[in-house]
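Structure first, then comments.
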Amino acid sequence: MKREKRKLVFPNLNLKKFYSIYLSLDVSENAKRRSSEEQAVALLKDLPKELSYEDFKLELKKKLIKKFNIEKVLKLLTERNLPFNFATLQWFLDEIGIKISQTSAKALVKILSEIDVISLRKIAVRIRKDHDKLYEYVVNNGIVKYNKIEKKFVNARKLVMDLVKQGKLKISYKNAELKKTKIVDLDDLKEKIPEHFISIWYDENGKAHRKLLIPGDANVCAEYE
C-alpha cells in the first residue's frame with residue numbers, strides 16, 4: 001500500500017521576521033497573525049527561550065537541517081551532479097514523503113541561504129550538443145516557461161521533445177502532463193496524448209492531421225528519477 005505524502009507549508013519570511021515572531025511568542029501567544037506567521041509559530045515554538053539573534057540563527061539552522069534532511073539532500077544532489085534549487089529540493093522531499101509547493105520550496109531555499117546552511121554555486125558540466133545545453137538550462141532554473149526556451153534555442157520544439165522522449169524533461173500545462181512519450185512524428189501524431197498539446201492542420205487533399213503543440217506558457221522541468 002502506497003504511503004500518503006505529508007503536506008508541508010513553509011512560510012515565505014526573511015530571517016529578521018522569523019526572529020521577530022520568535023521574540024513575540026511569550027508575550028502574544030494568542031495574538032492574531034497572518035497564515036505565514038502562524039506557520040512560523042508552529043516551526044519556532046519549541047526552540048529554547050530568550051535566544052540572542054545569533055543563537056536563534058544557530059538553533060533554527062540545526063532544526064531545519066534535521067527537519068528537511070538537508071545533509072542527505074546535498075549528498076544525493078552532489079552524487080547526481082545536480083544543483084541545489086527549489087525544484088531539486090521539492091523533488092527530494094517528495095521522494096521521502098513530504099509534499100511541498102513551489103512557493104514553500106523557494107521560501108525554504110531562501111532561508112537556508114540566509115542562515116548559512118547552504119551557499120549556491122554553479123558547477124561545470126560538459127556540453128556536447130544543444131540537447132545538453134537545454135537540459136542544463138532547465139535544471140539550473142528549476143522550471144522554465146516554453147516561450148523562454150523558444151527565444152533561446154533554435155528548433156526548440158524538437159530539442160524539448162527529444163529530451164521528453166528520453167525521460168529527461170517533462171511538460172506541464174493546466175492539468176495535463178507530457179512525459180516519457182514515444183511520439184514518432186511531431187507533425188503527424190498517431191499516439192494518444194493530452195488534447196492541450198494538439199493542433200490540427202490540413203494537407204493539400206483536405207485531410208486532417210494532428211500536430212504536437214507546446215503552449216508558450218507551458219512549464220518545462222527536469223525529471224530526476
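Closest heavy-atom contact between G142 and A87: CA-CB, 3.5 Å. Here the closest heavy-atom approach between residue S36 and residue P11 is recorded as O-CB, 3.2 Å. When all heavy atoms of Y202 and G206 are compared, the closest pair comes out as CD2-O, 3.6 Å. For the residue pair D217 and K145, the shortest heavy atom distance occurs at O-NZ, 3.1 Å. The two residues K168 and Y135 have their closest heavy-atom pair at O-CE1, 3.5 Å.
Under a 3.5 Å cut-off, the side chain of E191 and the backbone N or O of V184 do form a donor-acceptor pair. Side-chain N or O atoms of Y22 include none that pairs as donor or acceptor with a backbone N or O of V41 at under 3.5 Å. For N141 (side chain) and I143 (main-chain N/O), no donor-acceptor pair under 3.5 Å exists by modelled atom type. Formation of a donor-acceptor pair under 3.5 Å by the R210 side chain with backbone atoms of D187 is not found in this model.
Side chains of V138 and I149 form a contact here, defined as non-hydrogen atoms less than 4.5 Å apart. M161 is listed as a side-chain neighbour of L212, based on a closest heavy-atom distance under 4.5 Å. At a threshold of 4.5 Å between non-hydrogen side-chain atoms, the residues F56 and P48 do not count as touching.
Using a 3.5 Å distance cut-off with no hydrogens or angles, the side chains of H209 and D203 do pair a donor with an acceptor.
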Go through the steps to decide whether F92 and T88 satisfy the test side chain to side chain contact (heavy atoms under 4.5 Å, CB included), and finish with yes or no.
-> CA-CA 6 Å; F92 173 84; T88 54; over 6 Å; no
Side chain to side chain contact (heavy atoms under 4.5 Å, CB included) assessment of L186 paired with K211 = CA-CA 6 Å; L186 300 182; K211 174 181 179 178; over 6 Å; no
Steps toward side chain to side chain contact (heavy atoms under 4.5 Å, CB included) verdict (E223, W91) | CA-CA 9 Å; E223 292 273 65; W91 162 72; over 6 Å; no
Begin from the C-alpha positions of L51 and E59 and carry the test side chain to side chain contact (heavy atoms under 4.5 Å, CB included) through to its verdict.
-> CA-CA 9 Å; L51 294 171; E59 289 297 325; 3.6 Å; yes
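Note on I200 and I193: same hydrophobic cluster, where clusters join Ile, Leu, Val, Met, Phe, Trp and Tyr whose side-chain heavy atoms are under 4.5 Å apart, directly or indirectly. Under the 4.5 Å side-chain contact rule for hydrophobic residues, L159 and I127 do not share a cluster. Y146 is connected to I198 through a chain of hydrophobic side-chain contacts under 4.5 Å among Ile, Leu, Val, Met, Phe, Trp and Tyr, so both are in one cluster. Under the 4.5 Å side-chain heavy-atom criterion for grouping Ile, Leu, Val, Met, Phe, Trp and Tyr, L189 is not connected to W201 through any hydrophobic cluster. Note: the hydrophobic cluster containing V9 does not contain L43 (ILVMFWY, side chain heavy atoms under 4.5 Å, direct or indirect links).
Applying the ring-ring contact (aromatic ring centres under 6.0 Å, His included) criterion to F86, with sequence neighbours excluded, gives no partner residue. Remark: A124 engages no residue in a side chain to side chain contact (heavy atoms under 4.5 Å, CB included) (not counting sequence neighbours). In terms of the side chain to side chain contact (heavy atoms under 4.5 Å, CB included) criterion, residue partners of K129 (sequence neighbours excluded) are, by chain and number, H131, D132.
Of the inter-residue distances, the one linking K148 atom NZ with N219 atom CG reads 10.5 Å to the nearest 0.5 angstrom. If you take CG on L89 and CG on L77, they are separated by 8.5 Å, rounding to the nearest 0.5 Å. Atom CD1 of I21 sits about 9.0 Å away from atom CD of E38, to the nearest 0.5 Å. Note that CG of L47 is 11.5 Å distant from NZ of K45, once rounded to the nearest 0.5 Å. Note that the NZ atom of K158 and the CG atom of D130 stand 10.0 Å from one another [nearest 0.5 Å]. Taking CD1 of I183 as the start and CZ of F197 as the end, the distance is 9.5 Å to the nearest 0.5 Å.
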Name the atoms and distances for all side-chain donor-acceptor pairs under 3.5 Å in residues 63-75, with sequence neighbours left out.
{"unit_1": "K63", "atom_1": "NZ", "unit_2": "D46", "atom_2": "OD1", "d": "3.2"}
{"unit_1": "K63", "atom_1": "NZ", "unit_2": "D46", "atom_2": "OD2", "d": "3.2"}
{"unit_1": "K75", "atom_1": "NZ", "unit_2": "E79", "atom_2": "OE2", "d": "2.7"}

Hey, can you pull the donor-acceptor pairs under 3.5 Å for the side chains in residues 102-120, sequence neighbours left out?
{"unit_1": "S104", "atom_1": "OG", "unit_2": "F10", "atom_2": "N", "d": "3.0"}
{"unit_1": "S104", "atom_1": "OG", "unit_2": "F10", "atom_2": "O", "d": "3.4"}
{"unit_1": "S104", "atom_1": "OG", "unit_2": "S101", "atom_2": "OG", "d": "3.4"}
{"unit_1": "K110", "atom_1": "NZ", "unit_2": "N12", "atom_2": "OD1", "d": "3.0"}
{"unit_1": "E114", "atom_1": "OE1", "unit_2": "L15", "atom_2": "N", "d": "3.3"}
{"unit_1": "E114", "atom_1": "OE2", "unit_2": "L15", "atom_2": "N", "d": "3.3"}
{"unit_1": "D116", "atom_1": "OD2", "unit_2": "K57", "atom_2": "NZ", "d": "3.2"}

Under 3.5 Å, which donor-acceptor pairs do the side chains of residues 169-180 form with other protein atoms, sequence neighbours left out?
{"unit_1": "K170", "atom_1": "NZ", "unit_2": "E177", "atom_2": "OE2", "d": "3.4"}

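Between Y19 and Y53, the ring planes are perpendicular. Angles over 60° get that label, and only those under 30° would be called parallel.
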